[in-house]
Amino acid sequence: MKTFYWLVKREFWENRGGFYRAPLITAIVFLVLNLMAMVVGEVMGRRMGGFHFTGEVDTLSHLDEHGLAVAGAALDVTLYGFTALILAVTAIVVFFYCLGALYDDRRDRSVLFWKSLPVSDTSTVLSKVASAALVAPVIGVVVGVLGGLVLALMATIVATLHGVPLWQFLVEAHPFRVAFNLICLIPLYALWALPTIGWLLLCSAWARSKPFLWAIALPIGAAVVVQWFGLMGIFERSAQWFWVNVPGRLLLSIIPGGWVRYADNLDHLDKQDPGSILNAVGLSYHYSTLASPNVWVGAIAGALMIAGAIWFRRWREDT
Amino acid sequence: MSAVITATGLTKRYKNSLALDGASFQIGAGRIVGLIGPNGAGKTTALKAILGLTTFTGELSVLGLDPRKQRDQLMEQVCFIADVAVLPRWIKVKDAVDFVANVHPRFDRAKCESFLARTKLQPDQKVKQMSKGMIVQLHLALVMAIDARLLILDEPTLGLDILYRKQFYQSLLEDYFDENKTIVVTTHQVEEIEHILTDLMFIRDGKIVLDTDMEALGERFTEVLVGAERAAAARELKPLDERQVFGKSIFLFDNVSRPQLEELGEVRRPSIGDLFVATMKGTYA
């Protein structure tokens, strides 16, 4: 267990730039852009003669409980949205991390150093899976929620300058609940992303050169062949089914939230109320995906590909 | 002599060539063995087989373990430096020490730090900021702090200047080697390791063509400096090799009695380099 912790730590050392700095910089850039938009808004507003709330403040401060809940939910949506942005960046980082994880050290021959230590290839590969499926998303969630809070704070300050004390709304936000919900979704994410992580690691461990090209070309090429020759007709499925389930799952499952098409449907939802939307798309909604065999078949395929990556890591010779 | 490595009929075939062709040898504990051979003779393949980094046929036991099946256990007792400068470029000195200290049960951190204190390496220095010689210093400090029973060195000093090379072997002898440890080393700079070896193995075309300890080597092989008038007599004794220096001939003999040779001229011990050249004659032809 101690060895595994240090293996994961090693991955973090090596990929500090991708796992930690990339989301952080994205968050900062996004916040700065928002700040600039606010400043531009202020300047434009002044030129137009300025505006100041007078009457409405009164009503704002006397919102009923329902109104407060709506405001809080709206802020939570901001937090979720900001985190989604950060997690999209994390997904791109993880994609390339997986492609390089078992290839880069073969290319620069440092694999010979790692292999001189009493660490099994199984632990090495699994530490990379854990970094991709758990460590990177957790960092993304934390950065995203904190960034979302800063954004909400900025908006509040601007509103206050205009005489609208939004502070009480800020208290209505639930950053911990949002973070907790998102963290709770990470196991589902890991399960969902497993076929992509497994496939990319397999290519990374197997390719003698250009793992990126192989990883993309093989599934897309297969899908093109299937479509041209109508091979899926044999199974009474459409070529589109193949596109979605083979190249789609092998390459795009790394995108968080991709599972929602397999979750319960939300037709009965009241789309006017952010609070009820948030409640409806809570954890149980997301985890209803587990009823779909798609998730499980994908996860099993992912596990098999990871086993393949371990085998190649052990026996691939090219140094 | 308890054997640390026992190889019988070691064979490895690549697509169109035979890298190891039934090589058999045994290496005992407390020895420093030089595995010497021309390029492409199978040295690296033999070492990779010992380290469980390649498949092969034949039998091989390293410290009583099968490197193909029990590699993870084996690596607790075996250390290797394969080639120069294979440390990951992004790692810092202190992180490398931290990492090895936490994954290797036989690593002695204090020892490693005292080795590092003798170098110019800084804890926050990254490998990519180091010269080749410094990378080897770091690697050696890490490896020497591990109490392993077998150390494999594959061209560990290739491309280093002579200061680093001398220092490398000197540290190994002074601070690392003892009767419980075994070192196997391959290199092309034969002259530099000549004095530290206890055993010598020549490999050619995947076969072990010479396997001897250094004392026996002195008894078996003799070099004689012969004047022109006695050259013909010397040739009758079937020398391994003959070369000309300043109008005299130098003959290299294998297993010819010493008194007989002393009659011919000045007798001396051959250098490994000369022996190597004589043994490998015609390799690239």
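Naming convention: chains lettered A, B, ... in sequence-line order (proteins, then strands); numbering from 1 in each chain.
- Neither the backbone nor the side chain of B:Arg106 comes within contact range of chain A, judged by heavy atoms closer than 4.5 Å.
- Distance check, rounded to the nearest 0.5 Å: CH2 of A:Trp315 to CG of B:Leu53 gives 9.0 Å.
- Within the 3.5 Å criterion, the main-chain N or O of B:Pro88 finds no donor-acceptor partner in the side chain of A:Arg109.
- Contact of the B:Leu142 side chain with the A:Phe113 side chain is registered, since non-hydrogen atoms from C-beta on lie closer than 4.5 Å.
- By the neighbour-count criterion of 12 heavy atoms within 6.0 Å, atom CD of B:Glu59 is sparsely surrounded, having that number or fewer from other residues, nucleotides or ligands.
- Ring geometry for B:Phe99 versus A:Trp114: interplanar angle over 60°, hence perpendicular rather than tilted (30 to 60°).
- Ranked by non-hydrogen atom pairs under 4.5 Å with chain A, the options B:Val103, B:Leu51, B:Ile152, B:Leu74 are led by B:Val103.
- Among B:Arg68, B:Arg71, B:Gln73, B:His104, the residue with the largest count of heavy-atom pairs under 4.5 Å with chain A is B:Arg71.
- Contacts with chain B were tallied for A:Leu7, A:Leu117, A:Asp105, A:Asp108; A:Leu117 has the most, counting heavy-atom pairs under 4.5 Å.
- The CH2 atom of A:Trp13 sits 4.0 Å away from the CG atom of B:Asp95 when rounded to the nearest 0.5 Å.
- There is no contact between B:Val143 and chain A, counting heavy-atom distances below 4.5 Å.
- Closest approach of A:Pro118 and B:Glu76 over heavy atoms only: CB-CG, 3.5 Å.
- Distance OH/A:Tyr5 to CG/B:Asn102: 9.0 Å, rounded to 0.5 Å.
- For the pair A:Glu14 and B:Arg89, the salt-bridge criterion is not met [side-chain N within less than 4.0 Å of a carboxylate O].
- Side-chain contact between A:Glu317 and B:Thr55 is present, with at least one heavy-atom pair separated by less than 4.5 Å.
- Nearest approach of B:Leu87 to A:Ser110, heavy atoms of both residues: C-CB, 4.0 Å.
- Atom CD1 of B:Ile146 is separated from atom OG of A:Ser116 by 6.5 Å, given to the nearest 0.5 angstrom.
- Within a 6.0 Å radius of OH in A:Tyr20, other residues, nucleotides and ligands contribute 12 heavy atoms or fewer.
- Contacts between A:Trp6 and chain B at a heavy-atom distance below 4.5 Å involve backbone atoms as well as side-chain atoms.
- Your options are A:Lys2, A:Arg10, A:Lys115, and the one with the most heavy-atom pairs under 4.5 Å with chain B is A:Lys115.
- Shown here is A:Trp214, whose CH2 atom has no more than 12 heavy atoms of other residues, nucleotides or ligands within 6.0 Å.
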